[in-house]
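When a residue number appears, it is its place in the shown sequence, counting from 1.
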Amino acid sequence: MLSTMRGSAARLALRAVRHRSAALARPIASAASSFSNSRRVAPGVALPKFARAFSTSEQHEFKAETKKLLDIVAKSLYTDKEVFIRELISNASDACEKLRFLQGTSQLKEINDEDLPTRIRLSVDEAERKFIIEDTGIGMNHSELIEHLGTIAKSGSLDFLNKADTDTSNIIGQFGVGFYSTFVVADKVEVFTKTCDPDKGDQGYLWSSDGTGSYSITDMKDVPRGTRIVLTLKEDAAEFSQLSTVKKAAEKFSSFIDFPLYIVENGEDQAVNKQEALWTKTSATEEEHTQFFRFLSGNSYGQPYYSLMYQTDAPLSIKSCFYFPDPDNAPSRMFSRENDVGVSLHSRRVMVKKHADGVIPKWLHWMKGIVDCEDMPMNISRESMQDTRLMEKLSMAVVRRVLRFLDREAKKDSEKFNKFFAGYSYYLKAGILEDKEFNNGRHKDDLLKLMRFESSKKDKGSLVSLEEYTASAKEGQKNIYYFCCPDRNTAMSSPYMEQFIQRERDVLLMYEDIDEYVVGAIEGFKGWKFVSVDSADKDFELELDPPAEEAKSDLELTEAQQKELADFIRATLKERVQDVKFSDRLVTSPAIVTSMISPHMRKMMKNLMAGKDDMGGMGNFPMTLELSAKHHLVTTLHTIKDANEPVARIAVEQLFDNACIAAGTLDDPRVLLGRLGKVLEMFVYQGAGFDYSKGEYNVAAGDDKKKLEDAPKPKEEPEFVESVPEKKEAEKKETK
């Protein structure tokens, strides 16, 4: 659509020229500077008015279609008014660059006003609502004014590029519409100009228009080389006659143009572009990186943790530099709003987009830097790119280079990188999820190489990469075992870890909530499958490292006894369990609970859905109780289930709750208070000699039988206290 618009603009302009109707302004490569009516001018000296010559003054009328097109360009092309400052400074820079090019290639042996330095100058007059920009660049003669400022979408810079046979990569403008941005803010535009080429004459000219129906060209005396543009601002754009507004916009858009840029402040010329465009250099010192990082961060302190300069000509011409802030200053995720990307997008040293969110993904927003791409197909207002596919290529090239740089740094100094990862791990992990959702996982492999976790066989605080884990795995192992848990102590004391510790099998310990989602999204790493140690019915490759044979215990339950006990437990727990089975995965613990989703994921999902009436089934998610047939509590439970059923029922309830506590799925431990009170009661009464199986006190020799008969007795059946979720579920069923 934009290319069609540009083509239409060119055709209308050509038609206007054929009807001998001069169209309005083109931002010739100058916006510019005359520093005095003498050939030497001191900084801060006021400029005199140019003298009007007693010669010809030409008046030109615009045709109807040209006026309509000009109105569209001036009022609809640019989204922000301040962009006109960027356009005029860019044009002035182009004017200076063309002069330097012609001199460097010896196409100009002599120039007018040779002693004038090449530079750009801004000034304002708030009382008169004036904005002024001057340069001492290439300038224009009479015919060039007609050609460049009289044709819409006629780019003098593009013509210059097409005619040049050597490198002109510093030329910025190519569309020929930037000058029209002046009519967004100005009621009247005046252009004073004189060519740099003595062969074309040394006459000065004034081009003037209000952008509505006509423009004029008048001969002027005492105009120095270059171009001076004076804008009489509209009332609603009076802010651009304020020094602070203009200075802020100039620093925002044009801090890195290739020529000195000054602004008149308190009668003195103050430099605007003090900072060098560091990304255009092939290398830089540590001190230069530090200063540039501080400039981009807006601070006078601090230094980058890592610095990267990246330049390439394929697939696009890219020059860039990136800085990774110290992990001690990593942005906090608590109470933080949506953060803007800290990398800006430039084209030929002129800022196009302050926050390059189309190039840098949100999960890298904390980086600082600049990406400058000369090949970007900009839209006609130079505010965004036209080709989204090329934008994707640019993004892919830059992000891939950043991630591979971090991988290289990790291998070079693992301790330094581990500190970096500790600060930014969440964002890199979030990158895996976002990359899969929006880019089909194009950066997955590079991101996985950066992941670091503690492991069960390493000391606390020691991190390992996935590559290190797989390299040290047991022969024949094809799974990467991991455990999502709050901390190391919880993990190492968990019953889910028992068989892995017994077999000396390494397990990755993941402490962040996002880890569970990341593992679910990536599924595998270089052919290795991720398996959670607390998952149910997974292949744990137990044949790889069987433990030493142990003598079979006489107390181990037989299959028939296991079935009897499982039936008793199901009858006691009812809908709280989906199944009860015996397992060999337990070593020292009597029981664990498993589910189709890991206990850690179940807990996170319940937290996400907290406060909702419809928990989506999470409030009563089915779980399986796995028991050890060898554990003494389990074997004793089988013994008393018939002899002392009340105690056995309390023991089953407590055994299940203990397993839920170990899994971290017990939502509110207060539900245990009733049952724990009953257990305490049992201890007290049994200590007093009460026999629950007979329902009476045991009378020993010498005891006062009458006193024992009058002693208080517990209820025949233990009083079970339902948990709040169970009670609500029961009430719902009764209502239905």
Side-chain angles (χ1 to χ4, degrees), residues 286 289-290 292-310 321-343 355-357 360-369 398-435 443-444 446-455 458-469 482 484-488 508-519 521-522:
E286 184 177 343
H289 279 306
T290 298
F292 198 56
F293 169 71
R294 292 175 180 177
F295 172 82
L296 295 177
S297 303
N299 296 322
S300 59
Y301 58 89
Q303 59 185 27
Y305 198 73
Y306 290 125
S307 302
L308 168 63
M309 297 187 72
Y310 172 49
C321 63
F322 301 100
Y323 298 105
F324 304 81
D326 194 299
D328 291 338
N329 300 322
S332 172
R333 293 185 287 116
M334 295 184 64
F335 313 111
S336 63
R337 58 179 178 80
E338 186 76 8
N339 291 293
D340 292 323
V341 171
V343 175
H355 307 293
D357 47 17
I360 303 298
K362 282 290 186 181
W363 45 273
L364 288 176
H365 71 85
W366 38 268
M367 283 198 319
K368 303 295 181 183
V398 168
V399 174
R400 180 177 295 170
R401 183 67 183 88
V402 167
L403 296 179
R404 292 181 178 179
F405 166 79
L406 290 175
D407 181 48
R408 187 184 69 194
E409 292 298 314
K411 293 175 179 176
K412 184 190 301 182
D413 188 340
S414 60
E415 185 175 345
K416 181 179 180 181
F417 178 79
N418 288 347
K419 180 183 176 182
F420 170 83
F421 184 79
Y424 296 102
S425 62
Y426 177 85
Y427 299 103
L428 295 175
K429 292 171 183 176
I432 294 176
L433 300 177
E434 292 185 24
D435 183 61
H443 299 299
K444 184 187 81 168
D446 290 325
L447 279 166
L448 286 180
K449 291 178 181 178
L450 303 180
M451 295 297 106
R452 298 292 187 274
F453 305 98
E454 282 194 24
S455 75
K458 295 282 187 179
D459 295 333
K460 182 178 180 180
S462 296
L463 302 181
V464 298
S465 66
L466 296 178
E467 290 179 330
E468 290 171 334
Y469 177 91
Y482 70 94
C484 293
C485 49
D487 53 64
R488 186 180 185 88
L508 296 179
L509 307 179
M510 303 182 177
Y511 304 139
E512 292 189 285
D513 288 344
I514 195 174
D515 290 332
E516 188 89 34
Y517 298 105
V518 170
V519 172
I522 59 180

Sorted by chain and number, sequence neighbours left out, salt bridge (charged side-chain N to carboxylate O under 4.0 Å, His left out) with Arg488 holds for Glu454
Residues passing the side-chain hydrogen bond (donor to acceptor under 3.5 Å, both in side chains) test with Asp413, sequence neighbours excluded, are none
Residues at least two apart in sequence or cross-chain that pass side-chain hydrogen bond (donor to acceptor under 3.5 Å, both in side chains) with His443, listed by chain then number, are none
OG (Ser425) and CG (Leu450) are apart, to the nearest 0.5 Å, by 11.5 Å
The reported gap from CG in Leu364 to CG in Asn339 (rounded to nearest 0.5 angstrom) is 12.5 Å
> Is the backbone N or O of Ser307 less than 3.5 Å from a side-chain atom of His289, with the two atoms forming a donor-acceptor pair by type?
Replying inline: no
**Report entry** Pair Lys444 + Asp435, salt bridge at N-O below 4.0 Å
**Finding:** no
Taken to the nearest 0.5 Å, the spacing of Tyr306 OH from Asp326 CG works out to 10.5 Å
Across all chains, not counting sequence neighbours, the side chain to side chain contact (heavy atoms under 4.5 Å, CB included) partners of Asn299 are Ser297, Tyr301
Apply the test side chain to side chain contact (heavy atoms under 4.5 Å, CB included) to residues Met451 and Phe421: give CA-CA distance (whole Å), side-chain angles for both, the deciding distance (0.1 Å), then the verdict. CA-CA 8 Å; Met451 295 297 106; Phe421 184 79; 4.1 Å; yes
Heavy atoms of Ile514 and Tyr426 approach each other most closely as CD1-CE1, 3.7 Å
All heavy atoms of Tyr511 vs all of Asp487, minimum pair found to be CE2-C, 3.5 Å
Practice item. Mark yes or no for whether Tyr323, through its side chain, and Arg294, through its backbone, hold a donor-acceptor pair below 3.5 Å. Key: no
Those residues at least two apart in sequence (or on a different chain) that pass side chain to side chain contact (heavy atoms under 4.5 Å, CB included) with Ala521 are Leu433, Lys436
Determine all donor-acceptor pairs shorter than 3.5 Å in which one atom belongs to a side chain in residues 459-466; sequence neighbours excluded.
residue : atom : partner : partner atom : Å
Ser465  : OG   : Glu468  : N            : 3.1

Smallest heavy-atom separation, Tyr305 atom then Pro327 atom, equals CD1-CD, 3.5 Å
Sorted by chain and residue number, the side chain to side chain contact (heavy atoms under 4.5 Å, CB included) partners of Arg401 (sequence neighbours excluded) come out as Leu308, Tyr310, Phe405, Arg408
Open item on the list: Taking atom NZ as the centre, does Lys458 end up with more than 12 heavy-atom neighbours from other residues, nucleotides or ligands that are less than 6.0 angstrom away?
Closed with: no
Contacts of Asp357 meeting side-chain hydrogen bond (donor to acceptor under 3.5 Å, both in side chains) (sequence neighbours excluded), chain-then-number -> Lys353
Here the pair of heavy atoms bringing Pro361 nearest to Val399 is CD-CG2, 3.5 Å
- Hey, can you tell me if Phe295 and Phe292 have their rings parallel, tilted or perpendicular (30° and 60° cut-offs)? parallel
Scanning both residues in full, the closest heavy-atom pair of Val343 with Ile360 reads CB-CG1, 3.8 Å
Rounded to the nearest 0.5 Å, the CD1 atom of Ile432 sits from the CD1 atom of Ile522 at a distance of 5.5 Å
So salt bridge (charged side-chain N to carboxylate O under 4.0 Å, His left out) across residues 414-433, not counting sequence neighbours, yields Asp328-Lys419, Lys429-Glu512, Lys429-Asp515
In terms of heavy-atom contacts, His365 and Pro331 come closest through CE1-CG, 4.0 Å
Sequence neighbours excluded, the answer for side-chain hydrogen bond (donor to acceptor under 3.5 Å, both in side chains) partners of Glu434 is none
Separation between CZ (Phe420) and CG (Leu428), nearest 0.5 Å, reads 6.0 Å
Interatomic distance, CZ@Phe293 vs CD@Gln303, rounded to 0.5 Å, equals 9.0 Å
| Are any non-hydrogen side-chain atoms of Phe453 and Leu509 less than 4.5 angstrom apart? | no
I want to check something: taking the side chain as every heavy atom from C-beta on, are Phe417 and Lys412 in contact at a cut-off of under 4.5 Å?
no
Across all chains, not counting sequence neighbours, the side chain to side chain contact (heavy atoms under 4.5 Å, CB included) partners of Ser414 are none
Sequence neighbours excluded, the answer for salt bridge (charged side-chain N to carboxylate O under 4.0 Å, His left out) partners of Asp407 is Lys411
_Sub-4.5 Å side-chain heavy-atom contact between Pro304 and Phe324_ = no
